[in-house]
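Below, chain A is the first sequence line, B the second, and so on; all start at residue 1. Only heavy atoms go into these numbers, but all of them, side chains included; no hydrogens, no water, no symmetry mates. What you see is a predicted model, and the numbers here were worked out from it, not measured in a lab.
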Amino acid sequence: ETVKIGVAKSTTAAPVYVAVAKGFFAAEGIDPQVVFFEAAQPVAVAVVSGDIDVGVTGFTGGFYALAGQGALKIIGAHSREVPGFHGLGYFVSEKAAAAGLKTVKDIPGHSVAFTTVGSAFHYSLALAAEKYGFDMQTVHLEPLQSNPNAASAVAGGSVDIAMVPSTSGLPVVQRGQAKVLAWVGDETTWQLGATFISAKTADTRGDMVKRFMNAYRKGARLYHDAVTGPDELPKNGPQTAEMIAIIAKAIGQTDAEVSTALAYADPDERVDVKDILHQIAWYRAQGMVKGEFNPEDMIDKRYMIPYPQK
Amino acid sequence: MTEITAGGASVRREVAFRGGGFIAMPKPAYSWIAFAGIIALWQLAISAGWIDPVFLPSPASIVEALWQLTVSGDLWKHLSISLARIGSGWLIGSGLGLIVGVSMGLTSAGRAIGMPLVSAIYPVPKIALLPLLILWLGIGETPKVVTIASGVFFPTVIATLAGVDSVPRNLIAMAQSFNLPTRSIVWKVLLPSALPGILAGFRISVSTALLLVVAAEMIGAQYGIGAFLLTAGNLMQSDDLMAGVVILSILGLGFGAGLTALERVLLRWR
Amino acid sequence: MTEITAGGASVRREVAFRGGGFIAMPKPAYSWIAFAGIIALWQLAISAGWIDPVFLPSPASIVEALWQLTVSGDLWKHLSISLARIGSGWLIGSGLGLIVGVSMGLTSAGRAIGMPLVSAIYPVPKIALLPLLILWLGIGETPKVVTIASGVFFPTVIATLAGVDSVPRNLIAMAQSFNLPTRSIVWKVLLPSALPGILAGFRISVSTALLLVVAAEMIGAQYGIGAFLLTAGNLMQSDDLMAGVVILSILGLGFGAGLTALERVLLRWR
Amino acid sequence: MDVIIDVKRHSYDDLLVLEDIKIQVREGEIVAVIGPSGCGKSTLLGIAGGILKPSEGKVFLEGNAPPDCLNPLTFIFQDFALLPWRTVEQNVGLPLEHHKLSTSDRQARIADALQRTGLSDFAKALPKQLSGGMRQRVGIARALVVKPAVLLMDEPLSALDAQTRDLLMEDFLDLLLHERMAGIYITHNFQEALRLADRVVVLSRRPGRIKEVLTIPIPQLERTNKAALAPLAELGDRLWSLIRDEASVADREVIHD
Amino acid sequence: MDVIIDVKRHSYDDLLVLEDIKIQVREGEIVAVIGPSGCGKSTLLGIAGGILKPSEGKVFLEGNAPPDCLNPLTFIFQDFALLPWRTVEQNVGLPLEHHKLSTSDRQARIADALQRTGLSDFAKALPKQLSGGMRQRVGIARALVVKPAVLLMDEPLSALDAQTRDLLMEDFLDLLLHERMAGIYITHNFQEALRLADRVVVLSRRPGRIKEVLTIPIPQLERTNKAALAPLAELGDRLWSLIRDEASVADREVIHD
Ligand SMILES: Nc1ncnc2c1ncn2[C@@H]1O[C@H](COP(=O)(O)OP(=O)(O)OP(=O)(O)O)[C@@H](O)[C@H]1O
Ligand SMILES: Nc1ncnc2c1ncn2[C@@H]1O[C@H](COP(=O)(O)OP(=O)(O)OP(=O)(O)O)[C@@H](O)[C@H]1O
Ligand SMILES: [Mg+2]
Ligand SMILES: [Mg+2]
């Protein structure tokens with residue numbers, strides 16, 4: 001049974017690559033076809049249109065808009081932003097750093113470039129604002145539509161901060177045009193995305209979904225244990241290099257590039273329902289998700305394992 | 001007619017009409033009916049559930065989105081900002097395009113140098129160069145205006161050049177035969193004569209400017225029709241998305257009508 | 001001349017030349033020199049350190065990137081895929097555009113219905129609609145081809161319509177006066193007569209197809225010139241980015257030259 | 001075959017162009033129609049040929065067309081109306097293409113028409129390669145190829161320069177006199193009318209009405225004789241006096257828009 | 001003021017167009033130049049007016065221009081060459097705009113030129129509102145406004161219909177005879193040449209050479225008299241026989257490309 005898995009071309013979907021490479025899907029009778037996208041947003045759209053069976057990407061405003069209309073169901077987790085893992089970062093321009101922009105607390109009054117309104121970066125910044133008690137209105141948001149645009153802007157000094165994935169930000173740092181200000185995971189922990197299917201798939205192909213999740217969780221467990229220590233911090237263990245090689249091959253980057261950008265994965269792909277509700281509340285408050293719906297409805301409890309609430 | 005060609009007794013036959021057709025008369029009623037019909041069908045298809053509104057928002061919800069946009073005052077904010085960008089980009093692009101186009105039309109060297117450059121740079125897609133553009137010009141108004149201006153520049157150059165080329169040689173010979181100075185020939189003969197071509201070019205460049213406002217507002221814009229469209233796309237708010245598209249369409253039609261009026265005034269002599 | 005008009009003794013004066021100018025002669029040498037000069041200056045500016053190569057890659061590094069692309073065989077892979085998309089998109093868009101344009105030109109109803117729709121939809125930016133396009137058509141080849149075809153369709157309709165409108169009325173009256181059937185008039189008079197306008201439209205639509213290949217390959221493409229450009233942009237590999245731009249430019253010039261050759265054959269009669 | 005034109009009235013929208021025009025042209029007769037610019041001459045000819053519908057009025061054909069006639073009412077146009085992408089022989093062959101003819105018949109007709117207009121050597125030339133006079137010969141050949149019964153000529157020489165006009169007029173006359181066709185010849189030029197026509201219909205300025213019909217009693221072939229000079233000059237003066245004032249008023253009309 | 005044309009040779013690229021043309025036109029004299037299509041008549045006039053550079057040869061002016069002459073060598077064009085976006089009076093005023101003239105002088109000149117060409121009532125009309133004949137009057141007024149010493153006319157009537165041509169020719173003659181200008185009048189039409197010119201220069205077909213120069217001994221104003229008809233008809237026959245063969249060969253040339 002062929003299953004098309006849509007992912008954005010990045011390290012965050014590592015469990016998928018591992019499960020494919022290790023044959024876990026094949027063992028469940030699934031022929032996995034990974035389809036790469038340049039961004040997360042079109043994956044959600046492609047799942048709705050039926051081109052993709054399962055999506056594994058970050059949340060976006062568009063995702064919630066489609067899920068809110070009942071078109072998408074969350075069945076598992078995606079990466080989380082957690083301390084120690086350098087997925088998304090705050091990169092500060094040389095000029096702004098020299099002028100005293102040293103920590104996330106200093107952000108008010110500065111300009112911040114990121115991809116789009118309602119993106120993971122936008123939400124992360126809002127979490128930081130909650131955490132440090134500053135007003136988002138005091139931040140000049142510069143949505144530049146793509147990560148390279150944002151990286152360009154900070155490299156050229158036309159914005160003070162760019163929030164981009166480490167893969168886009170670190171090359172700028174290496175060229176000496178920017179500095180790392182902070183990592184999102186260190187500042188604000190949150191669930192970055194989800195594994196999701198269309199409502200129709202959830203209702204008509206339950207058996208496939210269950211088998212898919214079994215294989216997928218095996219991959220997640222293997223990946224988690226290989227790159228994460230018992231303290232849930234990154235570790236360099238005996239299997240780490242193998243994982244890096246699998247990811248590098250999948251996304252066409254060098255091992256070195258991948259090793260700086262390893263993402264955290266929950267070993268059981270558990271869904272942090274409370275965090276998702278918080279996200280939806282924020283999107284709604286911003287007017288980015290409209291319409292009346294029950295957020296719980298977008299999570300299909302038949303297939304997912306909830307994240308233990310503290 | 002065939003009866004006659006067939007010969008026979010001497011008969012009187014009326015000549016049958018065989019002309020007409022092949023000319024389109026304006027039928028504005030048809031246009032309105034067609035528009036109304038399409039919108040009604042579209043609304044029906046969604047109301048009746050033939051089309052899932054996730055895939056295509058209904059006309060009613062697009063109108064609703066437009067209405068929201070208007071009463072919230074956002075429409076004006078987006079529109080005024082975008083119009084300022086389109087206006088300044090278009091003015092700069094057309095101004096430079098006119099100057100370059102006329103210079104290329106007037107001198108052999110100008111044309112020999114300019115033409116291949118224009119042909120080579122014209123087909124370069126602007127969106128692909130956005131990262132470089134940000135590096136060069138930052139993310140303020142400059143790169144936005146430059147994006148629009150560069151899109152406007154090339155069609156203007158080409159239209160102006162074609163306009164200058166189509167100036168009847170005999171008018172220039174006439175001016176020379178009265179010893180008009182070169183400057184006068186350019187201003188009094190060449191430019192007015194090239195004007196219809198230049199105005200035709202404006203039709204293209206205005207559409208281009210509208211198309212590029214989306215690309216331009218990819219560069220760090222919070223407000224503007226393009227930014228609004230992009231955000232709506234990012235958030236999959238397809239009613240807002242279509243509302244933005246409708247606004248762009250109306251702008252396009254409005255600019256087109258404006259140009260038609262301008263032509264009617266400036267080209268009364270045709 | 002002034003001496004003569006000033007009057008005085010009966011003198012013999014040679015008439016001074018006062019014509020000439022205002023015509024551009026082809027000077028291909030200038031073009032090559034200008035091209036070479038610009039590239040040399042550009043390379044110098046970077047070699048001498050006046051421009052940071054991060055901001056603008058040097059011609060040498062662009063050539064190097066092109067070379068790498070060629071020897072690795074990737075160029076051919078990207079090119080063949082993109083050309084297939086451009087080709088099929090262009091064929092579909094032009095074919096439909098021709099049919100619609102001719103129908104609109106022939107019937108009053110067609111024009112009354114079609115014209116406002118075309119004017120309204122033409123200025124809609126394709127990139128803004130990508131999210132909806134994916135929703136409707138998925139992520140396979142279809143939406144890519146449709147993106148290009150829809151960009152090609154509108155200029156073709158407009159050019160065809162203009163071409164049909166410019167068919168001399170007297171030729172149609174002539175054909176009618178010989179009782180030619182309507183079908184023959186369309187095929188033997190109308191279409192050949194509209195051909196120059198249609199070919200001129202092809203120039204625009206080919207450029208449009210090239211521009212849109214980038215937008216089209218935003219939709220989940222792994223290979224293709226547009227995808228290559230986007231990836232290079234994502235990774236900020238500005239030499240690859242410029243190499244991609246150069247490839248598009250060359251394609252644009254090549255298609256332009258092809259059309260010129262086609263015109264020379266098909267419009268020999270002009 | 002005769003043609004009978006009976007146009008009560010023709011107007012374009014609100015512009016009355018023709019009123020009460022009755023003309024009958026008999027087989028073998030050439031009628032010239034002369035009148036100031038814009039008086040409706042072309043309109044009248046279009047109505048006669050069935051490519052314009054008169055607001056009120058009818059056109060009849062009476063009698064038998066030649067047995068091999070394919071298009072009884074055939075035009076020769078002022079601007080030649082050639083298809084520029086077709087060669088001379090393809091242009092001449094155009095009116096045959098939708099008729100069922102054997103290839104040899106078709107080719108014979110074309111060859112004959114080309115030969116009679118002196119175009120045989122130019123069969124493969126494109127219109128752009130020909131002078132104006134030669135182009136109009138193609139127009140004439142195209143008309144002859146269908147063996148018309150009535151020839152409708154709308155200022156066929158007026159787009160040509162004076163010398164070519166003089167050269168072609170004689171050939172034209174020769175052709176017209178050899179076929180027993182009815183001919184209607186629109187012109188501005190009373191010299192042409194005097195040379196070619198059996199009768200001259202003079203129209204008033206717009207709205208065109210028949211102002212006078214002049215019969216020229218001298219056979220065409222005798223009109224170049226010395227003896228004919230004086231009576232023809234007199235007819236010419238009469239014609240010129242009939243149209244002179246109308247023409248000069250028509251000339252000075254400003255077109256408002 | 002006299003004009004002396006001495007063109008040894010003129011060619012466009014490889015195409016030899018004119019050879020050995022020597023013409024002197026005296027003040028008050030009108031010389032018609034007649035010749036087949038493409039023989040180089042327009043080229044010759046362009047050279048005479050200084051807007052074409054001959055491959056080899058020179059043009060001289062001798063004597064004094066009228067005191068208020070602003071542009072000794074002035075053209076009247078076949079296609080009128082009016083600026084369509086200017087009104088009649090603006091078109092006529094064009095050649096004055098780069099001269100330092102008082103407003104009243106300028107207006108007086110324009111009014112005078114319009115009045116002499118019968119255009120006073122049409123000062124505010126646009127070219128598109130006028131008939132061909134009226135447009136050419138504007139071309140003539142524009143030439144008169146600079147008080148030319150030499151008038152160069154390139155088939156000024158040939159774009160007009162026959163009636164307008166006849167109407168305008170008389171006015172034209174009147175104007176030419178009233179000013180003591182030198183005039184060169186290019187034409188295809190030997191009737192025009194016979195009506196207007198003191199001498200007729202006949203050119204051969206391309207490359208144009210002087211084939212013959214005919215002097216017309218009858219003063220222009222007497223040429224409409226009965227007595228002049230016979231000698232003029234004879235001159236006409238002579239002219240026609242001189243150009244007839246050249247013209248018919250020129251007409252049948254195929255342009256290869
Ligand atoms: N299709 C049309 N629609 C409206 N008005 C027309 C049309 N065709 C001709 N006219 C007008 O009708 C009048 C007569 O036109 P027509 O062409 O029959 O005149 P004509 O005698 O042939 O003129 P000419 O001598 O200039 O050829 C003119 O005033 C013209 O402007
Ligand atoms: N600018 C040019 N370049 C090349 N050839 C030219 C140019 N102008 C004219 N010719 C050619 O030179 C020849 C003479 O042209 P010219 O216009 O002087 O002839 P003409 O006697 O005025 O003809 P017509 O009677 O048709 O007006 C023609 O064969 C023409 O094709
Ligand atoms: Mg007419
Ligand atoms: Mg000439």
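For residues 182-189 of chain B, a heavy-atom distance under 4.5 Å to chain E picks out B:Lys188, B:Val189, given by residue number. Taking non-hydrogen atoms and a 4.5 Å limit, the residue list of residues 39-51 of chain E in contact with chain B, ordered by number, reads E:Ile51.
What you find for E:Ala81 and B:Met174 is that their closest heavy atoms are O-CE, 3.6 Å. E:Asn71 and B:Asn179 get closest at one heavy-atom pair: OD1-ND2, 3.2 Å.
In this structure, E:Phe75 CZ and B:Asn170 CG are separated by 12.0 Å, a value rounded to the nearest 0.5 Å. Here the OG1 atom belonging to E:Thr87 is positioned 14.0 Å from the CH2 atom belonging to B:Trp269, to the nearest 0.5 angstrom. Distance CH2/E:Trp85 to CG/B:Leu195: 9.0 Å, rounded to 0.5 Å.
Between B:Ser177 and E:Phe77 there is a side-chain heavy-atom pair separated by less than 4.5 Å. You'll find the side chain of B:Leu180 stays beyond 4.5 Å of the side chain of E:Glu97, heavy atoms only. Side-chain contact between E:Thr74 and B:Phe178 is present, with at least one heavy-atom pair separated by less than 4.5 Å.
With a 6.0 Å radius and a threshold of 12 heavy atoms from other residues, nucleotides or ligands, B:Tyr30 has its OH atom at or below the threshold.
At a 4.5 Å heavy-atom cutoff, the contact between E:Arg86 and chain B is made by side-chain atoms alone. Using a 4.5 Å cut-off between heavy atoms, E:Leu82 contacts chain B through its backbone alone, with no side-chain atom that close.
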